[in-house]
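Only heavy atoms go into these numbers, but all of them, side chains included; no hydrogens, no water, no symmetry mates. Naming: A, B, ... by sequence-line order, numbering from 1 per chain.
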Protein chains: 2
Amino acid sequence: MAAEAPPIQRRKARRNAAAVSGKVTLQQVAAAAGVSSATVSRILNGTAIVSDDKRAAVFEAIEQLGYVPNPVARGLAGGRTLSIGVVTQAIDSPFYSGALRGIEDTLSAAGYSPLFVSGQWNATHEARCIETLRSRRVDGIIVLTGRLSNAALAATARELPVVVTGRKLKASGLFALDFDNFEGARLATHHLLALGHRRIAFISGDLKHLDGSERLRGYRSALAAAGVRLEPVMELPGDFTEASGLAAVERLIDSREPFTALFAANDQMAFGAALALHRRRMRVPDDVSLVGFDDLAGSVYSVPPLTTVHHPVYELGQLAAESMLQLLAGEKPALELPPPRLVVRETTRQLRT
Amino acid sequence: MAAEAPPIQRRKARRNAAAVSGKVTLQQVAAAAGVSSATVSRILNGTAIVSDDKRAAVFEAIEQLGYVPNPVARGLAGGRTLSIGVVTQAIDSPFYSGALRGIEDTLSAAGYSPLFVSGQWNATHEARCIETLRSRRVDGIIVLTGRLSNAALAATARELPVVVTGRKLKASGLFALDFDNFEGARLATHHLLALGHRRIAFISGDLKHLDGSERLRGYRSALAAAGVRLEPVMELPGDFTEASGLAAVERLIDSREPFTALFAANDQMAFGAALALHRRRMRVPDDVSLVGFDDLAGSVYSVPPLTTVHHPVYELGQLAAESMLQLLAGEKPALELPPPRLVVRETTRQLRT
DNA sequence: TTGTACGCGTTATCAG
DNA sequence: CTGATAACGCGTACAA
């Protein structure tokens, strides 16, 4: 036993050094295991059946040497980089960052790495982002609510798998994951109607996006179903930012148009609206009821906590990533997001009569 | 002229096809330009001086063919992947996402791509993340407030450039970008003292992190300087989350210890604190003054807008990325974050006497 | 089942 | 200044 000590120590030392420097090659593993490099590769990728003894020898060698495959070389040789491009609009938006985490969690669990790029709400920039991702040879691209045209998306889907959220679209090699924004907005508006409100103003998001237009449609639909007349003055334009929500409410108040409730197309605008109401000395929910959309992490802790429509952003990211994995595996994804759900907190109350 | 039309068209067509498929190789460019591939490489990387005519011919060919270099092959051959690993704790945290944007902006402007991974406040997981990044052959690693030991960080800095934020540390190949949390906390506490407050409670963050402990130190220092006795009961433990801020304030109120002001070690805990006060029917700032730390994007729109210490997170990301670029260029970074700055908004007021 | 040999697209090292 | 040519580390036809 004692005689064997030195070799063992040496092996251990080498292993640590290797694990840190990451410089052990597949070739070295093959040599140590007494097989060809092709066999090692086959074992690693499950490309072919290998005899059990060689298999064991290879794993032994991998363990001893602390071998870690080099994804760069893999990418060059095999064409697969095990990385997925993710096009987001603003990486620091409270809305998207939740989705990004969902994507990262499920992608990394599958051995893939996400490559995030920000499109910055600009179609041209977005196209450039996709070019960058393609030049980096990503295996697929996930687009979170892009500005890119459906045609452009379908075109890149012909080259590599694409998963897109926030729009409806069918094309080969592409999967669209959509959330029922219409129903969510209907739910929110219905809630206010059920509380007795009739003068319900709506702060819309960017109508160029499906999210924005669908939420407006849901609002209108609910009002119509309740027999409440649609009034253009009650539809305030916004762009999904807090500032636009604040501005919209100030304009509404200045117009002296009576209203008892406010539905903002997203939580951020609802926050802006709440501040505007506060500035004008109108209390929430005593004077005005307020509903948001998205259920951001911070909405639970706003004062008072915001009633809103839950949008499962984390799950959105997870499902987008899972769909991509399925696309990569040659399967046809059919995942669906859970239906929207109203979360009643403390910014809404029965209309005083 | 007319005779030349066909070739031009053909060239155009080929160029488009190439730009989309991204399959034109450096070899093809070399062939088209009538030079060797080495020359093309040299021109692209500025590795050596090349005659003007060949240079022009190569650029002409690149343009015609729509050549885009392949970073994967580059990574294999040259060892540089033009990608930087970024270890963050929670990609969806409002605090870190701002920094991530700063990093992405300046990195991509320099032709680098960031590779984000989440350490999830877990040293073991963080170490694994770094292994992943190294296996992907990133050219450097930026660590945002990690849990990793200084020793571990210094060790990886021996292998490749490292930039770390949120701690003080000197080592070769490593640059630490620190923010003056002590001074920021001192500023905030001083502000409350200047308003006449004496019973100022402090909700601390995770004291295992330098951010947390330094802010506590700043709070104590300001009190001491004003001759106010430090009372352990006024120092409430927290962990940087909204929930912990809420719990801390509820405990404080239940203890019936009198207090007129509250300083939370970050904005998220301040939000939690504000909600707790609201629940207990204590008004901000009329009954209690409240100060946060970080100046998150949402703090401007909280109701009422939060007085807080501005922490330049976006710049933090920018500077971290710039430092990394300098490290990569063989320079010695000496960038510094701007000093902390108190942003007085509407949650603090003169103590009523 | 296994090994040989070539190719992936660049960079780097030599000569010239 | 420029051109062959050898790496870089791995996947994969092809052959055995």
Side-chain angles (χ1 to χ4, degrees), chain A residues 18-19 21-59 61-62 65-83 111 134-139, chain B residues 18-19 21-59 61-62 65-83 111 134-139 160 328:
Chain A
S21 69
K23 284 300 179 195
V24 183
T25 70
L26 185 148
Q27 285 283 359
Q28 295 172 22
V29 172
V35 300
S36 77
S37 61
T39 300
V40 179
S41 173
R42 284 191 269 257
I43 293 178
L44 257 35
N45 301 291
T47 316
I49 301 174
V50 179
S51 70
D52 285 347
D53 51 339
K54 304 218 182 228
R55 195 185 187 71
V58 166
F59 279 123
I62 288 179
L65 272 48
Y67 168 71
V68 177
N70 180 339
V72 180
R74 233 136 117 137
L76 224 209
R80 305 189 330 146
T81 55
L82 291 182
S83 63
R134 297 210 43 206
S135 88
R136 287 204 173 257
R137 299 299 188 275
V138 295
D139 295 339
Chain B
S21 69
K23 284 300 180 196
V24 183
T25 70
L26 185 147
Q27 287 282 0
Q28 294 171 23
V29 172
V35 301
S36 75
S37 60
T39 300
V40 178
S41 174
R42 282 191 270 258
I43 293 177
L44 256 35
N45 301 290
T47 317
I49 300 173
V50 179
S51 71
D52 284 346
D53 51 341
K54 304 220 180 224
R55 194 186 187 70
V58 167
F59 279 123
I62 288 180
L65 271 48
Y67 168 72
V68 177
N70 181 340
V72 180
R74 234 135 117 135
L76 224 211
R80 306 189 331 148
T81 54
L82 291 182
S83 65
R134 297 211 43 208
S135 88
R136 288 204 172 258
R137 299 297 188 278
V138 294
D139 295 339
L160 77 179
L328 254 20

Any side-chain N or O of [X] below 4.0 angstrom from OP1/OP2 of [N]?
X       : N      : result
B/Arg80 : C/dT11 : no
A/Ser36 : C/dG3  : yes
B/Arg74 : C/dT11 : yes
A/Asn45 : D/dG11 : yes
B/Ser41 : C/dT10 : no

A/Thr25, nearest nucleotide to its side chain (from C/dA5, C/dT11, D/dG9): D/dG9
A/Thr39 side-chain proximity, nearest of C/dT10, D/dC10, C/dT2: C/dT2
Reported [atom1]-to-[atom2] distance for the pair [X] and [Y], which is rounded to 0.5 angstrom:
X        : Y        : atom1 : atom2 : value
A/Gln28  : A/Ser37  : CD    : OG    : 12.0 Å
B/Leu160 : B/Leu328 : CG    : CG    : 9.0 Å
A/Leu65  : A/Leu26  : CG    : CG    : 11.0 Å
B/Lys54  : B/Ile43  : NZ    : CD1   : 9.5 Å

Atom of A/Val40, atom of A/Val29 and distance for their closest heavy-atom approach: CG1-CG1, 4.1 Å
For A/Val68 against B/Ser135, the heavy-atom pair lying closest together: CG1-CB, 3.7 Å
Main-chain N/O of A/Thr47 paired to A/Asn45 side chain as donor or acceptor, under 3.5 Å: no
Side-chain donor/acceptor of A/Arg55 to backbone N/O of A/Asp53, under 3.5 Å: no
Heavy atoms of other groups near A/Asp52 CG, more than 12 under 6.0 Å: no
Inter-axis angle, terminal five-pair segments of the helix from C/dT1-D/dA16 to C/dG16-D/dC1 [nearest 10°]: 40°
Nearest whole Å is fine: how far is [N] [atom2] from [X] [atom1]?
X        : N      : atom1 : atom2 : result
A/Leu44  : D/dG9  : CG    : P     : 16 Å
B/Leu26  : C/dT11 : CG    : C1'   : 9 Å
B/Arg137 : C/dT11 : CZ    : P     : 18 Å

Sugar-phosphate, base or nothing in reach of A/Val35, heavy atoms under 4.0 Å: sugar-phosphate
Pairwise 5' ranking along DNA chain D for B/Leu76 and B/Gln27, keeping only the more 5' one: B/Gln27
No-H, no-angle donor-acceptor pair, A/Arg42 side chain to C/dG3 base, under 3.5 Å: yes
Strand contacts (DNA chain C) in residues 47-54 of chain B, 4.0 angstrom heavy-atom criterion: none
